[in-house]
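One structure is given below, encoded as structure tokens.
Note: hydrogens, waters and symmetry copies are ignored here, and every other heavy atom, side chains too, is used.
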Amino acid sequence: MLSRVAENLYWFARYVRRAENLARLVGVGSQLQLDLPRSVKFMWQPMIDTVGGAALFKTRYPDAGSAPADVDVMRFLLLDEGNPSSLRRSIDTAREVMRSIRDTLPPQIWEVVTDLHMFLEGDAERLVTRRHRVDLISRIVDGCLKISGLVTATVSRDIGFQFMQFGTAIEQADMTTRIIDAGASGLVAPRKEEDRETFRNLQWMAVLSSLAADQTYRRYVRRRVTGEHALQFLLQSDTFPRSVYFCLTRMQRMLGAMPPRPDVKTKLDSLVDSIRSADPGALVVKNPASFMDEIQLELRELHDAVAGGYFNVAAA
Amino acid sequence: MDWTNYRSPAFDELIGADGGPRPAAGHLIAYLSKLSDRDVAARQVAASAIARVSGITFTVYSDGRNVDRPLPFDLIPRVLARSEWERTEAGLKQRIRALNLFISDVYGEQRIFKDKVVPAELLANSVNFRRECIGVKPPLGIWAHVCGSDLVRDADGKLYALEDNLRIPSGVSYMLENRIVAKRVFPELFETCTILPVDEYPMQLYETLAALSPRPGEQPVIVLLTPGVFNSAYFEHTYLAQAMGIELVEGSDLFVGEDDCTYMRTVYGPQRVDVIYRRVDDLFLDPEVFKPDSVLGVRGLMRSWRAGKVALANAPGAGVADDKVVFAYVPKMIEYYLGEDALLPNVPSFLCTDEGERRYVLDHLGELVVKPANESGGYGMLIGPRSTKKQRDKFRKLVVADPRNYIAQPTLSLSTVPIVTPRGPSPRHVDLRPFILSSSNIYVTTGGLTRVAMKRGSLVVNSSQGGGAKDTWVVDLEDAS
């Protein structure tokens, strides 16, 4: 397997998973917004921060101020070509990356990516309004899931498949920490003190559902949603496929089918330790943001180890 | 399908002068005659749909973006009798043997120039002569491993060689795909006629390449080097790589080590490459030797090749014989190197470097086809009988200014094959491009790619200029049931 092909497969899987998470996050935000009484304000800013776009958003929408309009945020997160973290750019990059490895993947995958690309280029703008937003989001999530389905159902289990799965897992681990981050930094701002507890839990509920975890959470945790339990579930569940722990241990199992690279294994093992030893109760009290930042940094280093070990093969 | 009004302005491949089918096309025409117009139309739609789904495309750059266009496919195959094809095949093998000997000679002793059979000035002015190849002895003495020769049939019914493409000939994937489409559309005919198969080409190509490996005895690592997704023949590159089960690589996937061996970057680490089927032009192959700004090639590749650590097919410099002026000397080469007469006649050529011939050309511009020596794709030509006075004046100046760069040939009438039109079968001009593989053995495709000018009366068959394709059947009449 050529390094270039492996790298493109890896990034293709990452961008598709990134797009799906982003669409879900925005979708849940826009649902949550409808549930809130007038006395509670929905905060879009944490979502913008999630993708690291705060500074850019300010320059793209200078008049937005501290409480940006949802249509602007929607456009920025989903459709803005000038925002490198927008959903549209994720889909376009996935498509560009796939172009030169089209022959290694089933042609239907190309058709779905192209369909998403055309949709975002053409119809999407019309659907940003509140009335059609659900359609817009579900169309994108469906497209991404169709790609994931085609990959698991039709791609042969060779080394290239491992790189795709690895890319999906590392991206999901990263996105899960980012979505936790957004939830913890306060998506809602109640004006009255007595509302604070109710709405804090409501926002954890939103975080769970943006990771498609709400139902599973209820079945396994069987408790009312609290920050501590939600955090524990999303970080440490060994059965939920979008928990950070699950993604990491999945990568550990994949390493067995990939050429051995000690750097990658060391990095991955230390990440698993960090997650396993985390104390969700303590984290939720003191604000999990800095812990999530640490995990994101470690995931970045894991990526660098993968790139160094498999993709950037230099002359010996 | 009604043939009563079918008349060709030239020699027709399927229908004889008496209006009846030629022997090899008998079955086909009888079968087509029984189909209603609606049947024919339905099958044409089916054929185009199959062709589209299988992704038979070529890439054209238009309106500022690359578009994959399907190659127009016409239902009615071109049919050749096996006996005629065998004679042609022998002629093609003879040609490529002589051409490979010529290229070896050019980069070796240059005997043919010393013996004044071919004028030495030819080299001095050749744009495809590569000084860097002098003295190199590639494996088996073969330079042009893959050759695509264009054949045309004139009004006299004889096949002539029109040119030999020795650089990076393309089109073979269309030949293979056209057959798949034809089998789906005419399964009955493949049962009743003996139509010789074409599908062993990828295996033959693999073996041709494998024979060049610098590490005989070991399973060779063979790759196809493509300029990338934006190349017009990218479809073919992926097609052939898949059919041979080899890696499709880009320049950045390869590097040359300090040991002069060529490696590809894989997830397992560097892996040595033995043979490169390169679909990148000479001048882009190695920025160390040729165009320094090329990003399509591999730094040090020429070093690796000259050291015999990697085989390149076709060898750099093979294009020296892919020149329309050199072409005119092929019959003399056959005589000189092989001591034989050419089995396959050349289209007669007038050399503008010869004073007498140049005067003839300039006096007869209205009757001749004038071609630049090194263009491909049918560009930059003058077709005398269809030219305006202004065009002829322009070519007169071009030829006088640079006689080495032009040859002239009589305007051939190019044979026709019927295509399906809403008003019944209608004749269109065709050529034929067989592919010839050379390493330890010489292999010729069965038939080849028939290119057809889809526009009525047009003589230009190139896909970039509105040409289409047909399946080509070599039919064994003795074996007919």
Side-chain angles (χ1 to χ4, degrees), chain A residues 1-13 92 95-111 113-114 117-118 121 156 158-167 254-264 305-316, chain B residues 52-57 59 65-68 173 221-231 234-273 296 298-301 303-304:
Chain A
M1 162 88 17
L2 286 173
S3 297
R4 171 177 55 86
V5 175
E7 185 174 12
N8 285 347
L9 288 169
Y10 168 90
W11 277 115
F12 176 74
D92 288 356
R95 186 164 177 268
E96 282 317 302
V97 160
M98 186 176 168
R99 192 189 284 280
S100 74
I101 51 163
R102 257 172 88 172
D103 55 313
T104 57
L105 290 174
Q108 274 168 297
I109 296 181
W110 174 255
E111 285 163 22
V113 182
T114 301
H117 162 80
M118 306 285 242
E121 198 163 81
S156 78
D158 57 10
I159 182 81
F161 180 79
Q162 303 299 332
F163 280 98
M164 291 187 90
Q165 297 300 88
F166 203 93
M254 280 177 221
L255 283 190
M258 289 157 72
R261 294 288 181 272
D263 283 1
V264 176
V306 169
Y310 299 108
F311 304 153
N312 306 324
V313 177
Chain B
R52 210 174 28 249
V53 169
S54 58
I56 309 177
T57 57
T59 312
R65 53 162 57 185
N66 281 280
V67 188
D68 285 334
S173 57
V221 178
I222 306 174
V223 300
L224 192 156
L225 175 63
T226 174
V229 288
F230 297 112
N231 188 269
Y234 186 72
F235 162 73
E236 176 157 307
H237 304 162
T238 60
Y239 185 97
L240 289 175
Q242 279 178 318
M244 290 190 280
I246 64 174
E247 291 286 359
L248 178 67
V249 305
E250 295 177 12
S252 61
D253 295 325
L254 302 178
F255 68 89
V256 174
E258 278 175 18
D259 54 3
D260 284 352
C261 292
T262 303
Y263 295 89
M264 62 177 163
R265 304 173 208 271
T266 81
V267 296
Y268 305 99
Q271 183 181 11
R272 177 154 172 205
V273 172
L296 303 176
V298 185
R299 183 166 297 280
L301 190 58
R303 184 156 39 85
S304 185

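Neither the backbone nor the side chain of Gln271(B) comes within contact range of chain A; no heavy atom of the residue lies under 4.5 Å from a heavy atom of that chain. Interface residue Val249(B): backbone and side-chain heavy atoms are both found under 4.5 Å from chain A.
Atom CZ of Phe235(B) sits about 10.5 Å away from atom CZ of Arg102(A), to the nearest 0.5 Å. Note that OG of Ser3(A) is 9.5 Å distant from CE of Met264(B), once rounded to the nearest 0.5 Å. One finds the CG atom of Leu2(A) at 7.5 Å from the OG1 atom of Thr266(B) (value rounded to the nearest 0.5 Å).
Residues Val313(A) and Gly269(B) come closest through the heavy atom pair CG1-C, 3.9 Å. Closest non-hydrogen pair, Leu248(B) versus Arg4(A), comes out as O-NH2, 3.4 Å. Taking every heavy atom of both residues into account, Met1(A) and Tyr268(B) meet most closely at N-CE1, 3.9 Å. Closest of all the heavy-atom pairs between Ser100(A) and Val229(B) is CA-CG1, 3.5 Å.
Within a 6.0 Å sphere centred on CD of Gln108(A), heavy atoms belonging to other residues, nucleotides or ligands number 12 at most.
Not counting sequence neighbours, Asp103(A) has no partner by the side chain to side chain donor-acceptor pair (under 3.5 Å) test.
Per-residue heavy-atom pair counts under 4.5 Å with chain B were compared for Pro259(A), Pro260(A), Gly309(A), and the maximum is reached by Pro259(A).
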